[in-house]
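Worksheet for the structure shown next.
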There are 2 protein chains.
Amino acid sequence: MNQRVFNFSPGPATLPLPVLQEVQQNLLALPGAGASILEISHRSKTFEQIIAQAEANIRQLLNLPDEYHVLFLQGGASLQFSQVPMTFLRGSGRSADYMVTGSWAKRALAEAQREGGVRVIWDGKENNYSRVPKKGEYDVNPDAVYVHFTSNETIQGIQFPAEPETGDVPLVCDASSDFLSRPIDVKRYGLIYAGAQKNVGPAGVTIVIIRNDLLERVPDGLPTMLDYRVHAENHSLYNTPPVFAIYVVMLVTRWLLESIGGLEQMHAINQQKAQMLYDAIDRSEGFYRGHAQPDSRSLMNVTWRLPTEELEAQFVKEAKEAGLHELKGHRSVGGIRASIYNAMPIEGVRTLVEFMEDFRRRHA
Amino acid sequence: MNQRVFNFSPGPATLPLPVLQEVQQNLLALPGAGASILEISHRSKTFEQIIAQAEANIRQLLNLPDEYHVLFLQGGASLQFSQVPMTFLRGSGRSADYMVTGSWAKRALAEAQREGGVRVIWDGKENNYSRVPKKGEYDVNPDAVYVHFTSNETIQGIQFPAEPETGDVPLVCDASSDFLSRPIDVKRYGLIYAGAQKNVGPAGVTIVIIRNDLLERVPDGLPTMLDYRVHAENHSLYNTPPVFAIYVVMLVTRWLLESIGGLEQMHAINQQKAQMLYDAIDRSEGFYRGHAQPDSRSLMNVTWRLPTEELEAQFVKEAKEAGLHELKGHRSVGGIRASIYNAMPIEGVRTLVEFMEDFRRRHA
């Protein structure tokens, strides 16, 4: 009954087994604390060390300069969709540039439009959101407050291979679904936000990385909880933070550093896993049809179709029986989606590839 | 090393041991799900059942009429301090009435003042926030949008013995620190909000109960994540909710129903625990001096002083050595504070009372 399957859920998503085992072992009482991580005060020394360690791990993984702050917030990327333009756009008399690459970028755009002037500088609609823009396909307004992009679209399964070029305009990124999955050129970003529940922890904490010059632009008068300065000044302890989720982020980032060896190594593993799936699609003689164009293929969410919707349903059903769960594509686009974030082991992908080949032999 | 102590933390706070044991047992894989509660999709049938059960438990415990919605949000009471007035006060052309009973009511007031007109209809400043107002000591504006009160002040250790009288004006309550600790006259409330981390779960989820007529008053144009209607329509699944925290709330509320027997029984136990501590204070011949006036004494947070600050420090130190943790009063008021929420066992309070008497014999 309690056997673990390979869980290809797009998020919340599979976590490293050693992390889960450590959470389980210490669930009744953290060593030395006499109480569970679910019970300790956020003002205790025990938790102060945990949150400081979580921040230090993220700083080390990203090689983050001192001018950046690391915040642990709540509300998910969805609240950031509003908090970013509420902070920088509303009342600025200027506009922001948005790249619309898929479902999540559209949500970010819709919230920004409520707060101020927005220019869409690229929209992938005409190619059904199957690729991200190339350099030269968009014009950044040099007076824009920021340029917003979604580094990975979980629903479509497309990903920016590298940051867009924005000159001196600060880059703001929804990195929810590929945060800490590969090295990034962090100095190019003014603000990065990411829900934890794909690569770095359970649902319930949102990591925001914000550069000093953006922090200085935060206007007075915002609700206190939506003022980035308050959280930076209080090291995310203005009010009670999501203690448990931050604890798991600390454990996952420690696993990234100590068991994987850092983001270069994680990226290599993620490339290997994705390549195994894209190869299986490419050699299927059209039985599996990938959604993403090759130069925009996501390393996190691999999406494809089968010849009919009936076969897709059959695929999902048989895969589940084989211990390969959560492979159904998002309801808005259909098809199949395999989410293979950091913690998905190669063994899981190998098993899926074998299943795909067997399924094709039987149904092609 | 891993032995559990008696944890008198004001929140996050001690949880029922059987709940922690169940969380621990199923941490690697929920029965039948093949994955941890930290990993399962919030759109999975498994989680849909969990969140529905959490809501059903709360409805049963409070005997909640159908016209109320139960929402599981993020951001803590601190975000509700803003979201409530942002929703009902801003742009209404009317004002709201606030009762200022202590540190938390002050925070709620400060955020409301940023959003619109506010009248303070009672302020406990002149008696150092040692009691709540009695009927007749405040005048509710019959045109007020709502009356806000803080049912229990954790820092001062005072609590409303019953709801204030507000006529037809909707009652809005920050119930963070006594939610589900006793029966309430729920039909008197328009909106109740509570961070979970005192009586009902770990930090990371905020429960909001809102009546239909208030929901209908929500204006258009708010950020989507701050629109109560969106969360009501989507049954708290508009975006990824704090899955794990909601799971623990489900387990704690099940424990309240099945092991305790409901809120009447919980209230009786909470009265007994608080009485044991207040009796120890009252028979100490002035060695222990309670902060709260007798008719406003909190059943959740018992606060008292010793003859000197040195003795207070000594008390906290010796108590910790005796396995009684987190008894230091809030830094803003000093003294001693014992938080004895639902899950604090009577045995913990008995041990504390024995320690208090022994300490007094040795130091009086």
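Protein chains get the first letters and strands the later ones, always in sequence-line order, with residue 1 at the start of each. Remember, it's a predicted structure, so these values are computed and weren't measured experimentally. What's counted below: heavy atoms across the whole structure, side chains too, no hydrogens, waters or symmetry copies.
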Exercise for the section: Mind ranking A/Ala35, A/Ser82, A/Gly75 by heavy-atom pairs under 4.5 Å with chain B and telling me who comes out on top? Expected result: A/Gly75
Completion exercise
If one checks every heavy atom of B/Pro241 against chain A at 4.5 Å, the contacting part turns out to be backbone
Completion exercise
Given B/Pro242, B/Ala13, B/Ala110, B/Gly76, the one with more heavy-atom pairs under 4.5 angstrom with chain A than any other is B/Ala13
Handout entry: Residue B/Ala245 versus chain A: region with a heavy atom under 4.5 Å
Key = neither
Handout entry: Proximal component of B/Tyr238, with respect to chain A [non-hydrogen, under 4.5 Å]
Key = both
Completion exercise
OG of B/Ser176 to CG of A/Asn239, rounded to nearest 0.5 Å, is 10.0 Å
Problem - Main-chain N/O of B/Gln24 paired to A/Gln24 side chain as donor or acceptor, under 3.5 Å - result: yes
Completion exercise
In short, B/Leu27 meets A/Leu20 closest at the heavy-atom pair CD1-O, 3.4 Å
Practice task
Please name the pair of heavy atoms, one in A/Pro12 and one in B/His42, separated by the smallest distance, quoted to 0.1 Å.
Solution key: CD-ND1, 3.5 Å
Exercise for the section: Apply side chain to side chain contact (heavy atoms under 4.5 Å, CB included) to B/Arg114 and A/Thr224, showing your working. Expected result: CA-CA 10 Å; B/Arg114 294 171 178 229; A/Thr224 302; 3.7 Å; yes
Handout entry: Exercise: do A/Glu39 and B/Ser9 side chains pair donor with acceptor under 3.5 Å
Key = no
Handout entry: Selection from A/Leu222, A/Val205, A/Leu73 maximising heavy-atom pairs under 4.5 Å formed with chain B
Key = A/Leu222
Problem - residues 323-341 of chain A: residues contacting chain B (heavy atom under 4.5 Å, by number) - result: A/His325, A/Glu326, A/Arg331
Exercise for the section: Side chain from CB out, backbone as N, CA, C, O: work out which of these in B/Leu79 comes under 4.5 Å of a heavy atom of chain A, or both, or neither. Expected result: both
Completion exercise
On a heavy-atom basis, the closest approach of A/Ala29 and B/Gln3 is CB-O, 4.4 Å
Exercise for the section: Sort B/Glu115 into side chain, backbone, both or neither according to what part of it lies under 4.5 angstrom from a heavy atom of chain A. Expected result: side chain
Problem - Closest contact, heavy atoms only, A/Met86 versus B/Pro223 - result: CE-CG, 3.5 Å
Problem - Top of B/Ser41, B/Ser44, B/Pro202, B/Gly204 for chain A proximity - count of heavy-atom pairs under 4.5 angstrom - result: B/Ser41
Practice task
Considering non-hydrogen atoms only, spot the tightest contact between B/Arg4 and A/Ser36 and give its length.
Solution key: NH1-N, 3.9 Å
Completion exercise
Pair count under 4.5 Å, heavy atoms only, with chain A: among B/Ile40, B/Val23, B/Val243, highest is B/Ile40
Practice task
Give, for atom CD of A/Gln197 and atom CG of B/Leu38, the distance between the pair rounded to the nearest 0.5 Å.
Solution key: 12.0 Å
Problem - Minimal non-hydrogen separation, B/Thr240 against A/Ala203, with atom names - result: CG2-CB, 3.7 Å
